[in-house]
Amino acid sequence: MLTKKIPALIFALVCLVSLSGAKGPKITKISGWVSNDRCGVKDLENADCTKKCLENGSRLVIVSDKDRSVINVENPEALKGHEGQYVRVTGTLDNGTLHVNDVATLKQTKEKADKSEHH
């Protein structure tokens with residue numbers, strides 16, 4: 001009776017190992033500004049501009065403070081109320097699109113403020 005169960009047990013272990021090795025979106029943290037896809041890097045801290053662009057059909061995005069890349073957001077409603085703010089976003093990044101799980105407003109350093117004015 002034990003010999004009949006061994007192949008089933010081996011099959012179950014192989015399935016478990018193959019599932020645990022599957023790569024999916026990873027949890028990531030990104031610091032940057034909440035902007036819109038029309039302005040992107042321009043006018044990073046201008047909440048009024050971003051809100052106006054949203055009224056005209058733009059979408060909220062994150063502009064990374066690391067390399068000034070514009071990151072599309074799958075669920076932009078999670079960023080509402082943070083327009084123009086410097087934030088840390090936690091979420092899953094999949095094929096260049098971020099699904100936001102959490103948003104925290106950050107205090108902007110003088111160095112970050114200077115960089116945002118020059119771009």
Side-chain angles (χ1 to χ4, degrees):
M1 185 177 269
L2 184 58
T3 58
K4 289 182 179 180
K5 291 184 180 181
I6 290 176
L9 182 60
I10 291 172
F11 178 74
L13 286 172
V14 167
C15 289
L16 184 62
V17 168
S18 67
L19 286 176
S20 66
K23 299 265 180 184
K26 291 185 176 182
I27 298 289
T28 187
K29 292 183 180 185
I30 299 171
S31 296
W33 291 266
V34 178
S35 186
N36 63 84
D37 60 356
R38 180 178 294 169
C39 296
V41 179
K42 296 180 263 176
D43 257 353
L44 286 179
E45 299 174 58
N46 191 338
D48 291 335
C49 176
T50 295
K51 288 176 184 177
K52 188 173 184 176
C53 287
L54 291 175
E55 290 172 7
N56 292 319
S58 289
R59 292 179 46 115
L60 290 175
V61 297
I62 296 292
V63 177
S64 170
D65 70 357
K66 187 176 186 179
D67 61 3
R68 295 295 193 261
S69 61
V70 175
I71 302 164
N72 291 317
V73 176
E74 180 181 70
N75 55 334
E77 65 279 356
L79 299 174
K80 292 279 185 175
H82 294 282
E83 296 88 346
Q85 292 181 1
Y86 183 60
V87 297
R88 176 176 295 124
V89 179
T90 304
T92 52
L93 192 58
D94 190 17
N95 291 325
T97 300
L98 181 71
H99 180 87
V100 176
N101 295 335
D102 187 51
V103 182
T105 304
L106 298 176
K107 183 176 179 181
Q108 190 169 328
T109 64
K110 174 81 171 119
E111 178 182 311
K112 300 262 188 250
D114 289 345
K115 282 184 179 179
S116 71
E117 291 173 8
H118 291 80
H119 289 276

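Side-chain atoms of Tyr86 and Asp65, non-hydrogen and from C-beta on, do get closer than 4.5 Å to each other. Considering only heavy atoms from C-beta on, Glu83 comes within 4.5 Å of Leu60 through its side chain. Two residues are said to be in side-chain contact when any heavy atoms from C-beta on lie closer than 4.5 Å; Val34 and Leu44 fail this criterion. The closest side-chain heavy-atom distance from Trp33 to His82 is not below 4.5 Å. By the 4.5 Å heavy-atom criterion applied to side chains, Ile27 and Thr90 are counted as neighbours. Using a 4.5 Å heavy-atom cutoff, the side chains of Val89 and Val87 are in contact.
Here the shortest heavy-atom pairing between Leu106 and Ser31 reads CD1-OG, 3.8 Å. Scanning all heavy atoms of the two residues, the minimum distance from Lys42 to Ser35 falls at O-OG, 4.4 Å. Arg59 and Glu74 get closest at one heavy-atom pair: NH2-O, 3.9 Å.
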Please lay out, stage by stage, how Thr28 and Leu98 fare under the test side chain to side chain contact (heavy atoms under 4.5 Å, CB included). CA-CA 9 Å; Thr28 187; Leu98 181 71; 4.0 Å; yes
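Side-chain contact, Gln85 with Thr105: a donor N or O sits under 3.5 Å from an acceptor N or O.
If you take NZ on Lys29 and CG on Asn101, they are separated by 11.0 Å, rounding to the nearest 0.5 Å.
For the side-chain contact (heavy atoms from CB on, under 4.5 Å) criterion with Ile30, the lone passing option out of Ile62, Val63, Val100 is Ile62.
The backbone N or O of Val103 lies less than 3.5 Å from no partner atom in the side chain of Arg88, so there is not a single donor-acceptor pair. In this structure a side-chain-to-backbone donor-acceptor pair under 3.5 Å is missing from Asp37 to Ser58. Between the Thr92 side chain and the Lys26 main chain, no donor and acceptor come within less than 3.5 Å of each other. With Asp67 contributing its side chain and Ser69 its backbone, the two residues share a donor-acceptor pair below 3.5 Å.
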For residues 47-56, which side-chain donor-acceptor pairs fall under 3.5 Å, sequence neighbours excluded?
unit_1	atom_1	unit_2	atom_2	d
Thr50	OG1	Asn36	ND2	3.3
Thr50	OG1	Asn46	O	3.4
Asn56	ND2	Lys52	O	3.2

